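Everything below concerns the one structure shown next.
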2 protein chains.
Amino acid sequence: MFDAASLSESEKRTDPKIRLEQMLSALRKNDFRITPQRLAVLKILAVSKGHPSAEEIHSRVKEDFPTTSLATVYKTVTLLREIGEVLELGFGHESSRYDGNKPYPHPHVICIRCHRIMDPEIDALTEMSDEISRKTGFEILNHRLDFFGICPECREKE
Amino acid sequence: MFDAASLSESEKRTDPKIRLEQMLSALRKNDFRITPQRLAVLKILAVSKGHPSAEEIHSRVKEDFPTTSLATVYKTVTLLREIGEVLELGFGHESSRYDGNKPYPHPHVICIRCHRIMDPEIDALTEMSDEISRKTGFEILNHRLDFFGICPECREKE
DNA sequence: CTTCATGCAAAACATTTGCAGCTGG
DNA sequence: CCAGCTGCAAATGTTTTGCATGAAG
């Protein structure tokens, strides 16, 4: 698992404890219960620097709370997605990945070899969104920008 | 089915007959056989202005060639994807959609109500790609840029 | 207490695969 | 001919769902 990524990215993350509090408040505000299982999932999401899959979340949650089922993990991330506290990155084939740190659309760079996912700096995206609105008449609510390629480490190994 | 989209998009499409020939040559060049089933799938892809799903392709292919199985459709689009003659647009949940007219990455605008997909004009994407390369050290091979929102028609109906 | 959450197992999907038989070149 | 393709059905892998039991508030 390659979560180390670059320092510049990790530096920008919200402090895990604060992020956890934010997610907890979001649950409370919407009158959802805070169960041990949910708490465990939130903790993983708050602490993860990367973009864990449901399966990954599940196995990590089980360390803390061994009886947690995969279904509960799915129910929890779906709930969090609905209240805007998690970003779901769906890929056609493999399983989805989740980002609990930046639950709003942002670009990704994905290594097709080791599956590491990074969050690069890009601006000019809201402008692009506006441009699309103007040209197509769509009301743009959301977007997704992913780049696929080979990360420096995997390129070295070639 | 809302394939009419905007004139400016459809005007840019390659003529279906030419596109079909291109796909056929690609198959021949790679020593793949041209079977009636494959021909039927190619025809649908060449003629479609939109972004049909495997299921849609299948039901349209069956009109011409009733015994064609869904598995063959999948095998064919997968083959075409591998030789770069079709772009697969995978969505986490629902089924993938395929574009046989512009088999290279390009932005999409997707209506979350009627599921119409349009191809807007955007430049500045290759620049963006280069910027990412420079900043992350990734070798960028591919990308995906999708905007989600509500199309003018669906907005009127509200 | 009562409503909502959990966990299991089963269902629901889209997609892939194994394989016997068929067919394009 | 015969390697490669088809079509069926079964397998796969992820995500969802129904429902009885359990726990949060």
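A note on names: the letters A, B, ... follow the listed sequences, proteins ahead of strands, and every chain is numbered from 1. Only a predicted model underlies this, so the values are computations on that prediction, with no experimental measurement involved.
- Salt bridge annotation for Glu55(B)-Arg97(B): absent, with no cationic side-chain nitrogen under 4.0 angstrom from a carboxylate oxygen.
- At least one side-chain heavy atom of Cys151(A) sits less than 4.5 Å from a side-chain heavy atom of Cys114(A).
- Fit an axis to the five pairs at each end of the helix from dC1(C)-dG25(D) to dG25(C)-dC1(D) and the two axes sit 40° apart, to the nearest 10 degrees.
- Cluster annotation: Met118(A) is connected to Met128(B) through the hydrophobic network of ILVMFWY side chains, with a link wherever side-chain heavy atoms come within less than 4.5 Å.
- Lys102(B) places a side-chain heavy atom less than 4.5 Å from the side chain of Asp119(B).
- To the nearest angstrom, P of dT17(D) lies 14 Å from CG of Leu79(A).
- For the pair Arg81(A) CZ and dT15(D) P, the computed distance is 10 Å after rounding to whole Å.
- With sequence neighbours excluded, no residue forms a ring pair (Phe, Tyr, Trp, His ring centres under 6.0 Å) with His58(A).
- Taking atom CZ on Arg38(A) and atom P on dG22(D), their separation rounds to 19 Å, with Å as the unit.
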Show me the side-chain donor-acceptor pairs of residues 27-44 of chain B shorter than 3.5 Å, one per line, residues at least two apart or across chains.
{"unit_1": "Arg28(B)", "atom_1": "NH2", "unit_2": "Glu21(B)", "atom_2": "OE1", "d": "3.2"}
{"unit_1": "Thr35(B)", "atom_1": "OG1", "unit_2": "Arg38(B)", "atom_2": "N", "d": "3.2"}
{"unit_1": "Arg38(B)", "atom_1": "NH1", "unit_2": "Arg33(B)", "atom_2": "O", "d": "2.8"}

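- Regarding Leu39(B), its CG atom lies at a distance of 15 Å from the C1' atom of dT6(D), rounded to whole Å.
- Atom CD in Glu56(A) sits about 11 Å away from atom P in dT14(D), given to the nearest Å.
- Between chain A and DNA chain C, the heavy-atom contact criterion of under 4.0 Å yields a 5' to 3' nucleotide range of dT3(C) to dC8(C).
- The shortest distance between the side-chain N/O atoms of Gln37(A) and the OP1/OP2 oxygens of dA23(D) is not below 4.0 Å.
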Do any side-chain atoms of residues 68-79 of chain A form donor-acceptor pairs under 3.5 angstrom with protein atoms, and if so which ones, sequence neighbours left out?
{"unit_1": "Thr68(A)", "atom_1": "OG1", "unit_2": "Phe65(A)", "atom_2": "O", "d": "2.7"}
{"unit_1": "Ser69(A)", "atom_1": "OG", "unit_2": "Thr72(A)", "atom_2": "N", "d": "3.2"}
{"unit_1": "Ser69(A)", "atom_1": "OG", "unit_2": "Thr72(A)", "atom_2": "OG1", "d": "3.1"}
{"unit_1": "Thr76(A)", "atom_1": "OG1", "unit_2": "Thr72(A)", "atom_2": "O", "d": "2.8"}
{"unit_1": "Thr78(A)", "atom_1": "OG1", "unit_2": "Tyr74(A)", "atom_2": "O", "d": "2.7"}

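- Between His51(B) and His106(B), the ring-plane angle classifies as tilted under the 30° and 60° cut-offs.
- For the pair Ala71(A) and Thr78(B), nearest-nucleotide mapping onto DNA chain C gives the more 5' position to Ala71(A).
- Between Lys62(A) and Asp64(A), no side-chain nitrogen of the basic residue sits less than 4.0 Å from a carboxylate oxygen of the acidic one, so the salt-bridge criterion is not met.
- A donor-acceptor contact under 3.5 Å is not formed by the side chain of Lys75(B) with the base of dG4(D).
- Residue Thr67(A) is the one, among Thr67(A) and Leu70(B), whose nearest nucleotide of DNA chain C lies closer to the 5' end (criterion: closest heavy atom).
- Remark: Lys135(A) engages Glu131(A) in a salt bridge, criterion side-chain N to carboxylate O under 4.0 Å.
- A heavy atom lying under 4.0 Å from DNA chain C marks the following residues of residues 22-35 of chain B, by number: Arg33(B), Ile34(B).
- With respect to Glu153(B) and Arg116(B), a salt bridge is recorded, a charged nitrogen being found less than 4.0 Å from a carboxylate O.
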